[in-house]
Amino acid sequence: MQTITETRHMGGTHRVIRHDSSITKCPMEWAIFIPEGGKPDACLMFLSGLTCTWENAATKAGAQAAAARHNMAVVFPDTSPRGDSVANANDYFLGQGAGFYLTATEAPWAPHFAMDRYITEEMPELIALTLKQPLPPLGVTGHSMGGHGALTLAMKTPDLFTSVSAFAPISAAMESGWGQEVLPAYLGTDTSAYHDHDATKLMASRGWKGDILVDQGLADAFLGEHLKPHLLAAAAEAASIPLTLRQHEGYDHSYYFVASFMSDHVDWHATRCK
């Protein structure tokens, strides 16, 4: 791993790291906020959405101040593999910046697009190496596509993640306009392969060991066509999984929305990552 920058922030440090990934088979960048003292009691991973890199949430979400109060590290992975050798598309919802936290099986995506494995297999080791301590209790949250990733990865790897929340997640990828374009492109035409990448389906098939917090803006332009949190809430109720869905008048899909409720999510994870 190579440290690209290290900046003093909220009493701790903000570090940007580059490494060669054995899973995506290309260089990757990610960032981490390490609280003062360098020995966090917990860690929160923030998965970003379409078109984003690690930088969007690190500079706009405002997680670090709340995390510092809880002696919590915050990790910001990238959203996809990148580089001249990595396949891309003209559509913003496919290709670089749009990894959808899954392992692609179809050309031209299969050689590099394995963001679910990158997050759950490679990142934990990188975090522990960076902190120079065993991986602390790990929570996961995310926005939009990243909210989809947070929910699906938590339900599929409950031994890794202690807590999960989401901001405006793609709640039912198989019913989402984005998902209906992306899932066949990455995974082929066998729709049974899509179920493990749909949070609503996973509620029924795998469930979750604890409770879940979701915030959604009601002025979000993507709410009806792409996000569909009502399907997630119905699936959670049917599976007897405690889900708090907070719906906010006037809030859109931007980081102004995320930043407005970020400290609530950090506090929420801090009480569970013990």
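Sequence positions, counted from 1, serve as the residue numbers for this chain.
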Q: Is it the case that atom OH in Tyr255 sees more than 12 heavy atoms from other parts of the structure closer than 6.0 Å?
A: yes

Q: Considering only NZ, NE, NH1 and NH2 on the basic side and carboxylate oxygens on the acidic side, decide whether Lys228 and Glu175 come within less than 4.0 Å.
A: no

Q: Other residues, nucleotides and ligands only: do more than 12 of their heavy atoms fall within 6.0 Å of OH on Tyr92?
A: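 Check passes, neighbour count above 12.
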
Q: Report yes or no: do Thr200 and Ser171 form a side-chain donor-acceptor pair below 3.5 Å?
A: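 No, no side-chain donor-acceptor pair sits under 3.5 Å.
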
Q: Find out whether Glu181 and Asp91 are in side-chain contact, i.e. whether some heavy atom of one side chain is under 4.5 Å from a heavy atom of the other.
A: no

Q: Ignoring hydrogens and geometry, is there a side-chain-to-backbone donor-acceptor pair from Gln180 to Met174 under 3.5 Å?
A: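 Yes, because the side chain of Gln180 sits within donor-acceptor range (under 3.5 Å) of the backbone of Met174.
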
Q: Would you check if there is a donor-acceptor pair between the side chains of Ser176 and Glu225 at a distance under 3.5 Å?
A: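 No, no side-chain donor-acceptor pair sits under 3.5 Å.
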
Q: With a 4.5 Å heavy-atom cut-off, do Arg15 and Thr7 have their side chains touching?
A: no

Q: When you measure from the side chain of Asp211 to the backbone of Leu243, do you find a donor-acceptor pair of N or O atoms at a distance under 3.5 Å?
A: no

Q: Classify the side-chain pair Asp215/His265 by whether it contains a donor and acceptor separated by less than 3.5 Å.
A: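 Indeed, the side chains of Asp215 and His265 share at least one donor-acceptor pair under 3.5 Å.
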
Q: Are side-chain N/O atoms of His269 and Ser163 paired as donor and acceptor at under 3.5 Å?
A: yes

Q: Check this for me: Glu6, atom CD, are more than 12 non-hydrogen atoms of other residues, nucleotides or ligands nearer than 6.0 Å?
A: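 Enclosed.
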
Q: Could you tell me if His197 and Thr152 have a donor-acceptor pair between their side chains, going purely by distance under 3.5 Å?
A: no

Q: Output yes when Lys274 and Asp41 qualify as a salt bridge under the 4.0 Å nitrogen-oxygen rule, no when they do not.
A: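 Salt bridge between Lys274 and Asp41, a charged N being under 4.0 Å from a carboxylate O: no.
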
Q: Determine whether Lys201 and Asp196 satisfy the following criterion, salt bridge (charged side-chain N to carboxylate O under 4.0 Å, His left out), listing intermediate values before the conclusion.
A: CA-CA 7 Å; Lys201 298 290 187 185; Asp196 271 358; over 6 Å; no

Q: If only atom types and distance count, is the side chain of His14 paired as donor or acceptor with the main-chain N or O of His9 below 3.5 Å?
A: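 Not at all, since once roles are kept as given, no pair shorter than 3.5 Å links the two residues.
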
Q: Is the NZ or CZ atom of Arg206 both under 6.0 Å from the centre of the six-membered ring of Trp208 and within 45° of that ring's axis?
A: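 So Arg206 doesn't make the cation-pi contact.
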
Q: Would you confirm whether Ser80, through its side chain, and Gly97, through its main-chain N or O, come within 3.5 Å as a donor-acceptor pair?
A: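 Yes; judged by distance alone, with no hydrogens or angles, the pair exists.
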
Q: Ring centroids only, cut at 6.0 angstrom: are Phe167 and Phe261 within range, meaning strictly under it?
A: no

Q: Aromatic ring centroids of His248 and Tyr256 under 6.0 Å?
A: no

Q: Among Val140, Leu135, Leu153, whose side chain to side chain contact (heavy atoms under 4.5 Å, CB included) with Leu160 holds?
A: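 For Leu160, the side chain to side chain contact (heavy atoms under 4.5 Å, CB included) check succeeds only for Leu135.
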
Q: Testing the 3.5 Å rule here: is there a donor-acceptor pair between the side chains of Ser85 and Arg82?
A: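 Result is no, nothing qualifies.
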
Q: Do Trp178 and Phe222 have ring centroids that are under 6.0 Å from one another?
A: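 Yes, ring centres under 6.0 Å apart.
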
Q: Is the closest side-chain donor-acceptor distance between Asn56 and Ser48 under 3.5 Å?
A: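 Checked: Asn56/Ser48 side chains show no N/O donor-acceptor pair below 3.5 Å.
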
Q: For Lys25, is there an ion pair with Asp20 - N to carboxylate O distance below 4.0 angstrom?
A: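 Salt bridge: no.
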
